[in-house]
S.K.: 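Sharing a structure here in structure tokens format.
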Amino acid sequence: MEDDAPVIYGLEFQARALSAQTAETDAIRFLVGTQSLKFDNQIHIIDFDDENNIINKNVLLHQAGEIWHIGASPADKAVLTTCYNKTCDSRVVSCAAVWRMPSDWETGSHESPDDTAHNPQTLELLCHLNDSAHGNAACVLWEPMGDGKRVISLADNHALLWDLQESSTQAVVSNTATLEGKGQLKFTSGKWSPHHNCSQLATANDTAIRGWDLRTMSQIYCIENAHGQLVRDLDFNPNRQYYLASCGDDCKVKFWDVRNIQEPVKSLEEHSHWVWSVRYNHSHDQLVLTASSDSRLILSNMVSISSEPFGHLVDDEELSEGEDNHQDDKGKEPLKDSVVSTYEEHEDSVYAAEWSSADPWLFASLSYDGRLVINRVPRALKYRILL
Amino acid sequence: KDDACCPPLLFSSQRRRVHGMLKLYYGLNEEGKAAEESESLDPCDINGPHFDPELYLNKLRRECSLAELMDQETCMVKQIRSLDSDMQTLVYENYNKFISATDTIRKMKNDFKKMEDEMDCLSANMAAITEFSASISGTLQDQHTQITKLSGVHTLLRKLQFLFELPARLNKCLELQAYAQAVSSHRRARCVLQQYSHLPSFKGIQDDCHAIMDKLAQELRQKFRDGGSSAKDLSECVELLLQLDEPAEELCDKFLSHARSRLESDLQGLEAEIRPYPSAAKDASARRSPSLADNSPKFNTLPSPTSNTDILEFIDRGCNEFVSSLCLVITSYQELFINHAQTGELVSKNIPQMANCKLHAFVDNLAARYFSLVERRIQEEKSVGDNSLLVRALDRFHRRLQAVAKLLPGSAVPNKGTEIVIRAATERVKQYLSALQSFYMDSLTDVRQALATPRLSVAGASVAGGGAHLGGPGPGRDAPNSLPELLSSLSASILNQIKSVLASVHLFTAKDITFSNKPYFKGEFCSQGVRESLVVSFIKFVCQSSRHFCESAGDKGGSTPPALLLLLSRLCLDYETSTISYILTLTDEQFLDQHHSPVTPVTTLCAEAKEAAQKLLNHYVKVQGLIISQMLRKSVETRDWVNTIEPRNVRAVMKRVVEDTTSIDVQVGLLYEEGVRKAHSSDSSKRTFSVYSSSRQQARYAASYTPSAPMDTNLLSNIHKLFSERIDIFSSVEFNKVSVMTGIIKISLKTFLECVRLRTFGRYGLQQIQVDCHYLQMYLWRFVSDENLVHFLLDEIVGSSAHRCLDPAPMEQSVIEVICERG
């Protein structure tokens with residue numbers, strides 16, 4: 001029971017950007033980017049020791065500016081991208097860049113954990129993802145499960161596909177797509193689909209969700225008015241290729257089947273303010289994490305639209321021999337879509353939530369006041385899903 | 001002393017003698033028991049049964065003087081004497097009577113002897129008389145038999161004469177068309193002719209008769225077939241034909257087919273009245289549709305769709321023509337084939353049963369066609385205006401069928417008729433429900449228009465600069481005032497509509513309507529029909545359509561005017577508190593004497609209405625909050641906050657926000673009560689705000705300046721948050737103004753906060769936010785239940801923008817106040 005308690009870590013600065021270290025599959029590690037206009041911004045590398053329930057942190061300086069978005073390379077643990085704001089000539093510009101962590105950050109932190117705050121190491125810039133023709137970067141997406149050579153950046157109304165060359169020190173725009181329409185359109189968020197050989201991208205602008213084919217860089221679907229107000233975030237179901245989750249300012253989380261975009265498959269309205277982030281669990285897609293500016297994090301169990309609507313599919317075949325197990329099956333069947341848990345450890349708006357890439361039962365959430373909370377899926381549910 | 005003693009003795013003895021007999025009879029002394037007892041117990045009472053002479057003597061001797069004794073003695077002697085003489089008289093009288101009795105008996109003996117002799121003489125005479133009469137009759141016997149024979153011959157001859165004359169007579173009858181006479185004559189002769197048909201002469205007569213009768217039958221049949229004759233003639237025909245041994249079955253069929261042809265013409269007449277409907281209706285609807293559009297949508301103005309006749313006329317015609325002739329046919333048929341046959345020889349042939357079957361089949365067949373026509377006609381009765389006509393028509397329809405029921409006891413016709421009435425009634429209830437629903441939707445459209453019109457003119461007025469051309473106070477002022485009026489008129493008109501519908505439906509159960517005492521109309525119609533599928537369904541519809549407003553408009557929020565949401569929410573709330581129970585009580589009073597079947601309880605409906613009201617109000621808050629949020633968001637997102645100029649004014653959008661909030665406050669205040677707010681001190685806007693801005697906020701800014709302690713920035717706000725309750729932004733509101741306003745302001749300010757956090761500010765950007773927040777603070781605190789909420793949120797906004805500021809140099813509080821007061 002003890003280790004079911006949340007672990008809280010406080011940052012000195014306000015923060016919005018959170019990412020799991022995607023390429024790391026052994027250690028539970030999260031990256032947090034801070035937002036401060038007055039001080040050097042930092043990237044906190046949060047290591048969570050599952051056995052001892054202890055957090056280890058390492059700080060890297062990110063002097064370019066305040067971080068709005070952070071993305072970890074799926075191939076190289078040390079490589080990451082950030083979107084940051086910098087001010088020059090009393091103008092605020094959003095930029096994106098690829099960075100490499102110094103090779104010895106880990107060893108250094110272990111030797112003198114107390115010094116880190118005073119003597120942090122600095123990130124090594126690999127290349128900028130800036131194209132003067134295409135405005136402010138909102139986020140950078142790595143190719144899922146790729147070799148860390150391709151990224152997409154969303155800048156104003158453009159989606160830019162970059163090829164990273166020469167160990168990521170050089171970035172070349174290989175393809176672009178432009179959102180056209182009346183008024184000033186602007187991508188707010190996007191997600192690179194892990195399905196279809198990573199050839200699809202979903203983006204959000206205002207109240208619409210659009211799908212893009214990366215081979216032709218053309219729009220393949222558009223869900224107009226997907227949400228009553230701004231769409232804040234998207235996520236693809238890791239196991240069901242046509243399923244997509246979205247969240248927005250109408251306090252709702254909606255699940256879409258992109259083959260039929262007239263109506264959402266499911267709609268949740270559990271939050272009492274804007275929902276900023278929605279994340280499918282990487283392995284058990286019935287577990288959905290949502291973060292909202294009502295300072296809450298909600299873990300939902302969406303069994304009915306998951307890839308395992310009746311529990312673990314493999315189980316059925318295995319269990320057909322044993323008699324006792326039929327009872328278990330019956331016990332599992334009435335599992336319904338429900339809110340598993342509401343986490344109220346945050347005091348401020350929660351802008352980001354992420355599942356760990358190493359432990360599928362563990363997730364982190366970050367609120368604006370710089371509080372990072374690491375939580376686990378309740379054991380009862382975990383065993384129910386597993387057994 | 002002697003006188004005093006003697007008279008009682010005498011007196012009592014006389015009395016004893018006189019009443020001796022009576023005493024024997026009644027076994028009672030007249031003086032009563034007490035007297036007897038005293039008498040009996042006293043041994044000195046000379047008249048008592050217990051008289052003891054010794055005692056008496058001793059007593060006398062002891063008590064009386066000598067003189068008295070003497071007197072007593074003389075008195076006693078006198079009495080004894082008189083008693084003796086009485087006895088003598090009695091004995092004498094008895095003797096005399098005995099003597100006279102003996103004489104009488106002797107005399108009787110003599111008389112009886114004489115009488116015996118006379119009796120002997122009488123019996124001898126009688127024997128002589130008998131002998132004489134026997135001899136007379138013996139002599140007259142021969143003549144008597146002769147006379148009898150002669151008279152027999154005479155009658156036979158007369159019959160023969162009748163037979164010989166029969167053909168001529170029949171011919172004559174035929175000429176005179178006196179068929180009845182002919183048939184009865186022939187009937188009389190028929191048997192005889194049959195019997196003696198072996199004799200050639202009779203054979204001839206019989207043949208003649210047959211020929212004539214065949215002709216007659218032919219003629220009758222012809223007449224029957226023509227059918228032009230009256231029913232009476234017809235029945236006469238049938239009767240005669242029956243007597244002529246025509247097969248009854250054939251006659252039945254013929255009779256019925258005649259009747260059918262006549263009834264069918266009636267039916268065709270009826271059908272003709274329905275038939276022109278489609279084309280006529282097309283014309284009518286084509287003619288009506290434009291007029292409908294500009295008519296007010298109250299449905300009682302709709303004319304009946306059938307142009308020719310109204311339903312009452314139709315049913316009347318049906319009753320008078322079809323049903324009455326049907327009754328006539330039934331009566332005459334029964335007269336002819338059933339009642340008549342029952343007495344005659346036809347019974348043996350099972351004719352009544354056969355005839356009855358035929359009749360039933362016939363009636364059922366025709367009635368089914370009639371019913372289908374009636375139903376078609378009833379279905380055309382779509383207009384729900386005047387129900388009484390329909391009810392009267394149905395009543396008449398039903399009443400007339402009762403006649404058939406009486407005539408034809410086993411028939412299914414009346415039941416089917418009742419079914420039609422029931423169907424018509426349920427159909428009507430459905431129509432009323434849909435009429436109510438469309439009335440409700442129409443009134444909502446009216447309300448919508450009423451809400452939209454002043455709104456437009458407000459906009460127009462503000463554009464036209466005060467709307468001077470509109471004159472008077474202007475519709476802009478009227479608009480909010482009319483909101484409660486709209487509500488009351490809406491709810492009143494709905495209530496009136498319900499009442500009038502209930503009154504209309506109530507006609508079905510009126511006492512003077514024949515079908516109202518059917519069990520269906522007593523029970524199911526009231527409970528399931530009226531209460532459930534009319535009233536309850538309507539209330540549910542109101543709730544559902546209200547909820548629908550929240551859902552359909554949920555995403556965009558633009559389609560339903562917020563004022564309508566507010567109005568509907570109040571309507572639903574009113575329904576919850578009073579109207580529903582009122583309507584149901586009304587219904588129950590009118591329709592439900594006893595609950596047969598389970599009905600939806602009031603509480604369920606109330607809960608539903610309350611839920612709808614809550615949902616509407618929440619939605620209202622959301623929509624209004626969104627409108628203000630949108631303004632705030634645009635204002636934050638579109639501005640370059642880094643390079644803004646030093647604030648001189650409160651931004652126009654803030655004034656707009658306050659204006660809008662105020663007008664929303666007025667709007668909500670028209671329909672909802674004030675509600676409770678947390679007590680605040682006098683002049684709270686000034687005092688608390690100064691505390692908020694000067695002490696705490698300054699401290700926070702100060703903290704953010706000092707580079708040595710970056711943690712402090714969060715610390716203070718975190719400490720603050722620790723002690724303040726978590727705020728649910730889109731939470732459910734209560735049914736009062738303050739709660740609604742709090743909800744709207746919460747949503748707006750939270751949006752403001754989130755938008756500020758996404759921007760970066762320059763020095764003047766921050767100062768502008770300060771000014772704006774102070775302005776909001778000045779005006780918004782009064783609307784909410786807990787002003788600390790506004791303080792907290794505004795505090796967060798200023799704090800967040802300070803954080804997001806490149807050069808955080810806050811403005812002097814005094815300057816802010818000056819700017820805000822300048823407006």
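The structure displayed is predicted, hence computed values, not measured ones. A note on names: the letters A, B, ... follow the listed sequences, proteins ahead of strands, and every chain is numbered from 1.
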S.K.: Hey, are the side chains of Leu758(B) and Arg16(A) touching, using non-hydrogen atoms and a 4.5 Å cut-off?
M.R.: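 Sidechains of Arg16(A) and Leu758(B): in contact.
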
S.K.: Please name all residues satisfying side chain to side chain contact (heavy atoms under 4.5 Å, CB included) with Val373(A), sequence neighbours left out, ordered by chain then number.
M.R.: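 Per chain and number, Val373(A) pairs via side chain to side chain contact (heavy atoms under 4.5 Å, CB included) with Pro6(A), Ile8(A), Glu345(A), His346(A), Ser365(A), Arg371(A), Asn375(A).
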
S.K.: Can you confirm whether more than 12 heavy atoms, excluding those of Glu270(A), are under 6.0 Å from its CD atom?
M.R.: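 Count over threshold, so yes.
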
S.K.: Could you grab the distance from atom NZ of Lys746(B) to atom OG of Ser272(A), nearest 0.5 Å is fine?
M.R.: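 It is 8.0 Å, given to the nearest 0.5 Å.
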
S.K.: State, to 0.1 Å, how close Arg757(B) and Trp68(A) come at their nearest heavy-atom pair, and which atoms those are.
M.R.: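 Arg757(B) and Trp68(A) have their closest heavy atoms at O-CH2, 3.8 Å.
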
S.K.: Check whether any side-chain heavy atom of Ser349(A) sits under 4.5 Å from a side-chain heavy atom of Lys750(B), and report yes or no.
M.R.: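 Yes, close enough: below the 4.5 Å cut-off.
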
S.K.: State the CG-CG distance between Asp249(A) and Leu626(B), to the nearest 0.5 angstrom.
M.R.: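 Nearest 0.5 Å value for the CG-CG distance: 9.0 Å.
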
S.K.: State, yes or no, whether a side-chain contact exists between Phe13(A) and His803(B) at a heavy-atom distance under 4.5 Å.
M.R.: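 No. Closest side-chain heavy atoms not under 4.5 Å.
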
S.K.: Taking the side chain as every heavy atom from C-beta outward, state whether Glu66(A) and Arg804(B) have any pair of such atoms under 4.5 Å apart.
M.R.: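 Glu66(A) vs Arg804(B): side chains touch.
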
S.K.: Considering only heavy atoms from C-beta outward, does the side chain of Gln229(A) approach that of Arg633(B) to under 4.5 Å?
M.R.: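 Side chain of Gln229(A) against side chain of Arg633(B), heavy atoms only: contact under 4.5 Å found.
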
S.K.: Against chain A, label Thr751(B) side chain, backbone, both or neither, depending on which of its atoms sit under 4.5 Å from a heavy atom there.
M.R.: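 For Thr751(B), heavy atoms of backbone and side chain both lie under 4.5 Å from chain A.
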
S.K.: Could you pull out the closest heavy-atom pair between Cys805(B) and Lys38(A), with the gap in Å?
M.R.: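 Reported closest heavy-atom pair: O-CE, 3.3 Å.
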
S.K.: Could I get the full list of side chain to side chain contact (heavy atoms under 4.5 Å, CB included) partners for Ala364(A), not counting sequence neighbours?
M.R.: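 Residues passing side chain to side chain contact (heavy atoms under 4.5 Å, CB included) with Ala364(A): Leu18(A), Phe30(A), Leu372(A), Ile374(A).
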
